[in-house]
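Here is how names work: the chains are called A, B, and so on, in the same order as the sequence lines, proteins then strands, and each is numbered from 1. Worth saying up front: this structure is predicted, and the values here are computed from it rather than measured.
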Amino acid sequence: MELITDRRSEPDVQVLFAEHYLHLVRLAASLVDGQEAAEDVVQDVFAALQRNRRADLTRPEHYLVRAVVNRSRSVLRRRRVVRSVVVPPQRTDAEPADAEIVKRAENDRIRTAIRRLPQRQREVVVLRYFEDLEIAEIAQLLGIKPTAVSASLHRAVSSLRGVLDGSVE
Amino acid sequence: MRDDVEDRVRAALREGAEEITPETLRRSTLPEPQRSDGRKWLVAACVAAVVAVAAPVAVVSLNDSAPPPGPSTSTAQHYVGYRWQVESITRNGRTTPVPADVEATATFMNDREMTLYDSVNWLRCNIKIDASTDVIAINGGLMTEIGYSDEDPVRVLVSDVMEALALAKQATVSATESHLTIATGDFRIVFKRDGVATTKAPPRSR
């Protein structure tokens with residue numbers, strides 16, 4: 001096996017890690033459920049990056065997001081990840097107002113609905129609304145046609161609208 | 001209406017993400033680099049298990065010369081706390097020797113955790129030993145997925161075994177002080193003891 005490119009220098013990976021780790025964990029958590037599994041995913045991505053001498057880092061953010069999506073997909077496929085409940089940080093402020101409680105409950109409901117979406121739809125939703133990627137970028141990242149992204153997104157939003165409207169549990 | 005749904009979805013995702021903060025991260029450092037020989041790609045490894053008493057789980061020594069702590073009884077005491085190198089793989093009655101330069105190992109840090117390593121990819125999973133049946137339940141696997149392009153049939157076989165183990169829910173184990181055998185599905189993997197387990201299980205750099 002011949003190496004195609006030189007191995008990435010460690011400082012580069014260190015910089016990428018420092019700059020993107022938290023965000024990537026948050027992204028992964030939206031895809032695999034649970035902070036513990038998300039951290040495992042991102043740790044694996046960086047461990048792989050350190051070993052992968054052929055990684056194309058001309059667009060590092062793109063590479064990392066794609067790696068996290070792929071790794072998350074793999075984790076979900078195996079369904080062998082030990083999932084844990086994310087414990088929100090303790091709040092020290094006063095009791096939230098009713099409106100805030102309602103808002104949090106709705107957000108929980110939305111996230112639960114997103115978790116129940118088919119995998120492709122879930123990925124598209126997370127990449128569109130969490131990563132703020134354009135349709136064409138999502139298509140490139142997932143290796144599918146833009147029309148397929150749009151269709152998945154449309155179906156996902158329709159499903160989520162049904163949940164929010166109360167017409168779908 | 002659609003815009004409102006999109007905004008609410010965006011807000012929900014962001015609220016959920018913000019619950020993860022630098023303070024809540026379990027790990028916030030770059031994983032330790034793992035040396036890999038460029039000539040080697042995916043090889044594979046295998047698995048594990050045990051029988052034994054749920055003895056106190058011992059943290060393994062880093063010193064190859066030090067006796068590893070482990071379960072005090074049964075088969076498990078022969079392999080928990082050690083790293084094992086794949087010696088051969090039998091599939092459908094056909095046995096294939098695995099050369100020593102194919103770095104395929106199983107490491108049992110304790111009687112709850114097993115790590116498989118193939119020189120590039122590794123699988124970490126939780127195990128649960130059934131002391132009465134020599135069967136270990138495998139759960140919670142995480143496997144890296146570094147690509148490889150090697151047509152070496154032995155390495156491909158090892159890779160297959162890795163995947164089989166990753167998907168297996170349980171495996172049957174037998175062990176002596178020098179050898180460990182793990183069977184799951186159509187595979188049977190024989191390991192040779194290769195030293196004491198280390199806290200950073202995967203790589204055994206050569």
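- The minimum heavy-atom distance between B:Leu13 and A:Val125, with the atom names listed, is CD1-O, 4.1 Å.
- Side-chain N or O atoms of A:Gln35 include one that pairs as donor or acceptor with a backbone N or O of B:Thr24 at under 3.5 Å.
- Rounding to the nearest 0.5 Å places CG of B:Leu25 at 5.5 Å from OH of A:Tyr21.
- Contacts between A:Phe130 and chain B at a heavy-atom distance below 4.5 Å involve backbone atoms as well as side-chain atoms.
- Side-chain atoms of A:Glu39 come within 3.5 Å of backbone N or O of B:Arg26 as a donor-acceptor pair.
- Of the charged side-chain nitrogens involved, at least one lies within less than 4.0 Å of a carboxylate oxygen, so that B:Arg27 and A:Asp40 count as a salt-bridged pair.
- Interface check for chain A: of the options B:Ala17, B:Pro22, B:Ala11, the most heavy-atom pairs under 4.5 Å are formed by B:Ala17.
- Residues A:Ala47 and B:Pro31 come closest through the heavy atom pair N-CG, 3.6 Å.
- Atom CZ of A:Arg161 sits about 8.5 Å away from atom CD of B:Glu6, to the nearest 0.5 Å.
- In this structure, the portion of A:Ile114 lying under 4.5 Å from any heavy atom of chain B is its side chain and not its backbone.
- Between A:Arg104 and B:Glu15 there is no salt bridge, since no side-chain N of the basic residue sits under 4.0 Å from a carboxylate O of the acidic one.
- Checked by atom type and distance alone, the side chain of B:Arg8 never pairs as donor or acceptor with a backbone atom of A:Asn107 at under 3.5 Å.
- Here the closest non-hydrogen pair linking B:Thr21 and A:Arg26 is CA-NH2, 4.3 Å.
- Residue A:Val45: no heavy atom, backbone or side chain, is found under 4.5 Å from chain B.
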Self-check item: Step-by-step side chain to side chain contact (heavy atoms under 4.5 Å, CB included) determination, A:Val157 to B:Val9
Solution: CA-CA 9 Å; A:Val157 170; B:Val9 168; over 6 Å; no
